[in-house]
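Reminder, nothing fancy here: chain letters follow the sequence lines and each chain counts from 1. Below, all heavy atoms of this structure are taken into account, side chains as well, without hydrogens, waters or symmetry copies.
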Number of protein chains: 2
Amino acid sequence: MRKEIGEYVFTQGDEVSSLYLVKSGLLKAYYLSDDGKENIKSFILPGDNIGSLMASYAGKTNTFSLVCVKPTELIQVEFKALYEASRADAELSSAIVDFLLAFGMKKEIREYELLCLSAEERYRRLIENTPELFDHVTQNDIARYLGITPVGLSRIKTRINN
Amino acid sequence: MRKEIGEYVFTQGDEVSSLYLVKSGLLKAYYLSDDGKENIKSFILPGDNIGSLMASYAGKTNTFSLVCVKPTELIQVEFKALYEASRADAELSSAIVDFLLAFGMKKEIREYELLCLSAEERYRRLIENTPELFDHVTQNDIARYLGITPVGLSRIKTRINN
DNA sequence: TTGAGGAATTAACCTGGGTTAAAAACCGTG
DNA sequence: CACGGTTTTTAACCCAGGTTAATTCCTCAA
């Protein structure tokens with residue numbers, strides 16, 4: 001399926017239960033707080049997967065929204081169907097285990113960065129690890145991914161350049 | 001296996017590759033930064049599991065330490081053996097999928113709290129969700145789990161009680 | 001019971017980042 | 001090229017939480 005810039009794949013509060021594999025393009029997943037502030041959970045690059053475990057597995061409503069930053073080509077997988085099928089299919093089950101392990105590791109890294117690093121350190125790491133992001137995403141969104149405001153990020157940048 | 005207070009299950013930098021199921025007791029998992037500061041990743045209660053995916057699956061060295069806060073009874077599971085066995089055993093594989101899904105959801109919640117909530121909100125939530133923790137863990141450790149200093153937490157408490 | 005070491009609080013001062021608002025730099029489009 | 005909107009920067013002021021250090025509280029072992 002194909003989505004254009006600004007189109008939503010799903011929205012906070014939805015009762016969707018699918019996972020998505022991104023073939024090309026760029027998405028952002030974000031939480032919207034009561035007072036209208038956006039906090040970016042993650043950017044999803046080609047080759048990445050995305051979906052709310054909470055919504056899919058635990059039957060809860062979705063906790064975040066997923067929107068296109070670039071025109072995006074993605075594959076939708078019904079979570080429940082996949083999950084049921086995996087119960088009977090050892091190979092599929094193994095693949096899911098690998099997928100979930102990779103997912104868990106990513107979360108573990110993010111947790112570490114948010115718990116242990118300052119906003120400035122997180123910013124330096126992001127430049128280090130995914131410089132390509134800066135070509136496609138506004139500084140605004142970078143800031144909200146780092147957990148700070150655009151103003152804050154601008155200040156960090158000037159601080160770094162002495 | 002049994003561990004007493006202060007005993008380590010493994011240490012940051014180790015090349016262990018086991019998962020642990022906690023039958024009774026209480027553990028804490030924490031990161032030690034270069035300048036000697038401790039940041040608590042999680043408390044592990046009876047029924048919980050713990051282990052470094054990074055170390056076990058990706059063959060990296062352990063990124064955090066695991067130490068007993070209360071005398072603890074736990075079961076050690078060799079990750080590689082489990083992983084290999086799961087390749088052939090559909091039932092085991094399914095169980096692992098369930099385990100990893102639960103793990104992923106926990107991480108997702110923690111990520112949300114660290115990204116979107118203030119220290120005070122995280123504190124309120126902790127009281128709400130795991131009040132029993134406060135009986136077994138020093139306020140010192142609670143603070144380091146919330147991502148703040150003990151002084152900071154003390155201030156939050158007095159602020160809350162007007 | 002007391003004394004010693006750790007835990008928690010308090011106070012004074014500092015800093016990173018939030019908030020608001022205005023200015024400047026960047027667009028894309030007519 | 002000029003216009004209008006969106007980003008980014010800058011500035012002024014504010015506040016949560018860090019840091020250091022002193023004080024009080026707790027606990028437990030002798």
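- Taking atom CG on A:N161 and atom C1' on D:dT9, their separation rounds to 13 Å, with Å as the unit.
- A salt bridge does not link B:R155 with B:E120: none of the charged nitrogens is closer than 4.0 Å to a carboxylate oxygen.
- Under a cutoff of 6.0 Å and an axis angle of 45°, A:R122 and A:Y145 do not form a cation-pi pair.
- Geometrically, A:K80 does not engage A:Y83 in a cation-pi contact defined by less than 6.0 Å to the ring centre and at most 45° from the axis.
- Counting non-hydrogen atoms of neighbouring residues, nucleotides and ligands closer than 6.0 angstrom, the CD atom of B:E15 reaches no more than 12 such neighbours.
- Heavy-atom contacts from other residues, nucleotides or ligands closer than 6.0 Å to CD of B:E91 number 12 or fewer.
- Under a 4.0 Å N-O distance rule, the pair B:K106/B:E108 does not qualify as a salt bridge.
- Comment: B:K70 does not engage B:D135 in a salt bridge, judged by the lack of any side-chain N to carboxylate O separation of less than 4.0 angstrom.
- The interatomic distance linking B:I5 (CD1) with D:dC28 (P) rounds to 11 Å, in whole Å.
- Checked against the 6.0 Å centroid threshold, A:Y112 and B:F64 do not count as a close aromatic pair.
- Using a 4.0 Å cutoff on non-hydrogen atoms, the parts of residues 118-154 of chain A near DNA chain D are A:T138, A:Q139, A:N140, A:V151, A:S154, ordered by number.
- Between the NZ atom of B:K157 and the P atom of C:dA7 there is a distance of 14 Å, given to the nearest Å.
- One cannot find a donor-acceptor pair under 3.5 Å joining the base of C:dG17 and the side-chain atoms of A:R159.
- Atom NZ of A:K37 is separated from atom P of C:dG17 by 17 Å (rounded to the nearest Å).
- With axes fitted over five pairs at each extremity, the angle between the ends of the helix from C:dT1-D:dA30 to C:dG30-D:dC1 is 30° (10° resolution).
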